[in-house]
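Encoded as structure tokens, the structure appears first; notes follow it.
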Amino acid sequence: MSPTPLLHAWFEIMDSTTPERVLDMITDDFRLSILFSTGDKAAEFEGDRAGLEVYLAQREVSVLTHHLLQGAVVGDTELVLGETRRDGAFEASFNASAQLAEDSGLVRRLLICRSPWVRFTA
């Protein structure tokens, strides 16, 4: 059992051929910021549901996989540290924080930061 069941499910869906299913996991007042660095450039995706849709539209579906290394729950927030891999090879580290709505367990706030410059595994 994952210590962060919602984020575990979120990233499994993101790695699937139908990542748009995460849209069913957010509240009506959802807000996000995803800072995505490739090392030589960075982009930020932010906003509400529409911002998440923009992020999903530009992703390489089923190319990168997310591997959660550690996770914790603090109050209503799940936190994870992980890495993305391309064809099994390390590409970047990331952390994600998701605040969950108390009544529904859906994601209200999502903050994800990704960088290839720091690696937490060998």
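Everything numeric in this text was worked out from a predicted model, so none of it was measured.
For the atom pair Asp15 CG and Thr65 OG1, the distance stands at 5.5 Å (nearest 0.5 Å). Atom OG1 of residue Thr17 and atom CD of residue Glu20 lie 8.0 Å apart, to the nearest 0.5 angstrom. Here the CZ atom belonging to Arg21 is positioned 11.5 Å from the CG atom belonging to Leu56, to the nearest 0.5 angstrom. Interatomic distance, CG of Leu32 versus CD1 of Ile26, reported as 8.5 Å (0.5 Å rounding).
Neither Leu100 nor Leu111 shares a network with the other; the hydrophobic side chains, linked directly or stepwise wherever heavy atoms of I, L, V, M, F, W or Y lie under 4.5 Å apart, form separate groups for each. A continuous path of ILVMFWY side-chain contacts below 4.5 Å connects Leu7 to Ile13, so both sit in one hydrophobic cluster. Connection of Val54 to Ile112 is established within a shared hydrophobic cluster, with ILVMFWY side chains joined at heavy-atom distances below 4.5 Å, either directly or through further cluster members. Val118 and Phe90 are members of different hydrophobic clusters when ILVMFWY side chains are connected at heavy-atom separations under 4.5 Å. Two different hydrophobic clusters hold Leu35 and Leu110 under the rule that ILVMFWY side chains link at heavy-atom gaps under 4.5 Å.
Both tests pass for Arg114 against the ring of Phe36: distance under 6.0 Å to the centre and angle within 45° of the axis. Judged by the 6.0 Å and 45° rule, Arg108 forms no cation-pi pair with Phe30.
Of all the heavy atoms in Pro116 and Ser37, the pair that sits closest is CD-O, 3.4 Å. Taking all atoms of both residues into account, the shortest heavy-atom contact from Val107 to Ala98 is CG1-CB, 4.3 Å. In this structure, Thr84 and His66 approach most closely via the heavy-atom pair CG2-CD2, 3.7 Å.
In this structure, Val73 and Pro3 have side chains that are not in contact, with every pair of non-hydrogen atoms separated by 4.5 Å or more. Contact check for Gln70 versus Phe120: no side-chain heavy atoms found under the 4.5 Å cut-off. For the pair Leu79 and Thr4, the minimum side-chain heavy-atom distance is 4.5 Å or more. With a 4.5 Å cut-off on side-chain heavy atoms, Arg85 and Glu91 do not count as touching. Under the 4.5 Å side-chain criterion, counting only non-hydrogen atoms from C-beta, Ser115 is not in contact with Ser93. Using a 4.5 Å heavy-atom threshold, the side chains of Glu60 and Arg86 count as touching. Within the 4.5 Å cutoff, side-chain heavy atoms of Met25 are placed close to those of Leu6.
You'll find the ring centres of Phe11 and Phe94 inside the 6.0 Å limit.
Distance alone, capped at 3.5 Å, places no donor-acceptor pair between the Glu46 side chain and the Ile34 backbone. With hydrogens and angles disregarded, a donor-acceptor distance shorter than 3.5 Å links the side chain of Arg59 to the backbone of Met14. Ser104 contributes a side-chain N or O that, together with a main-chain N or O of Leu106, makes up a donor-acceptor pair within less than 3.5 Å. For Arg49 (side chain) and Leu23 (main-chain N/O), a donor-acceptor pair under 3.5 Å exists by modelled atom type.
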**Step-by-step side chain to side chain contact (heavy atoms under 4.5 Å, CB included) determination, Glu102 to Asp76** = CA-CA 7 Å; Glu102 189 175 307; Asp76 62 356; over 6 Å; no
**Message:** Would Glu83 and Thr121 count as a side chain to side chain donor-acceptor pair (under 3.5 Å) here? Give the steps.
**Reply:** CA-CA 9 Å; Glu83 62 185 36; Thr121 57; 2.9 Å; yes
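Around atom CG of Asp29, more than 12 heavy atoms belonging to other residues, nucleotides or ligands sit under 6.0 Å away.
Glu44 and Ser33 share a donor-acceptor pair across their side chains, judged by distance under 3.5 Å alone.
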